[in-house]
Amino acid sequence: MALETERKTEAIFISSPAQKQKDRILLLLRLVAFFATASATIVMALNKQTNTLVVATIGNNPIKASLTAKFQHTPAFVFFVVANSMASFHNLLILVVEIVGHKIDYKGLRLAIIAILDMLIVVLAAAGDGAAVFMAELGKNGNSHARWNKICDKFQTFCDHGSGALIASFVGLILLLIINIISIAKLFNPKSYNTI
């Protein structure tokens, strides 16, 4: 009886070459998602532009002021940076857990925790992206009803860097959705997803 239990335990940790290939693809997806969210975080966090603009004219003399556009001036962009940095940290942490976590797994609890955390990170990243897209649209086109002027005609580089960060973040979000689906699928068949 003990011999059968030992054989079953050994059989769980033996994975086929096809399974190892699936595990490597999942690790690659996590790595690419990490780089996408990390690059979005870095680009937006370093996004800053200063321009000298004419703010008034007295007689024939223009009055100029130097204005700076930074991501810290908009709470939606700050939330975007925080959400993407948390998604980056999550992917990095889960990469480590996927590589060495099978040694400390307790009755498949690792798979459930990873699935729940993946779901939470997808929600957080989607919320950060949504907030940043709203502010980007406002900066690009303004809002004539509220009399908010657009700023992208004056701070083109700031808006271009913000657009690049948004694109990288949406790539990361799509990859996080795919990873989330795979991590939920692991819960239904945990024996086929054991080690790398």
Task: Student check: side-chain heavy atoms of Ile114 and Glu98 closer than 4.5 Å - done: yes

Task: Smallest separation among heavy atoms of Ala83 and Gly128, with atom names - done: CB-CA, 4.2 Å

TODO: Compare all side-chain heavy atoms of Leu29 with those of Ile182 and state whether any distance is below 4.5 angstrom.
DONE: yes

TODO: Find the distance between CG (Leu93) and CZ (Arg30) and round it off to the nearest 0.5 Å.
DONE: 9.5 Å

Task: The single option from Thr37, Asp129, Thr41 passing side-chain hydrogen bond (donor to acceptor under 3.5 Å, both in side chains) against Ser169 - done: Asp129

Task: Full working for side-chain contact (heavy atoms from CB on, under 4.5 Å) between Leu46 and His161 - done: CA-CA 9 Å; Leu46 298 177; His161 290 173; over 6 Å; no

Task: Phe77 side chain near Val81 side chain, heavy-atom distance below 4.5 Å - done: no

- [ ] Provide the closest heavy-atom pair for Ile179 versus Asp118 in the form atom of the first, atom of the second, distance.
- [x] CG2-OD2, 3.8 Å

TODO: Evaluate whether atom CD1 of Ile58 has more than 12 neighbouring non-hydrogen atoms of other residues, nucleotides or ligands under 6.0 angstrom away.
DONE: no

Open item on the list: Is any side-chain heavy atom of Met44 closer than 4.5 Å to one of Asn47?
Closed with: yes

Open item on the list: Quick one: does any side-chain atom of Asn84 pair with a main-chain N or O of Phe80 as donor and acceptor, under 3.5 Å?
Closed with: yes

Task: Under 3.5 Å: donor-acceptor pair, side chain of Thr74, backbone of Phe71 - done: no

Task: Exceeds 12 heavy-atom contacts within 6.0 angstrom, atom CZ of Phe89 - done: no

Open item on the list: If you apply the rule side-chain contact (heavy atoms from CB on, under 4.5 Å), what do you find for Phe79 with Leu124, and how did you get there?
Closed with: CA-CA 10 Å; Phe79 178 51; Leu124 182 66; 4.0 Å; yes

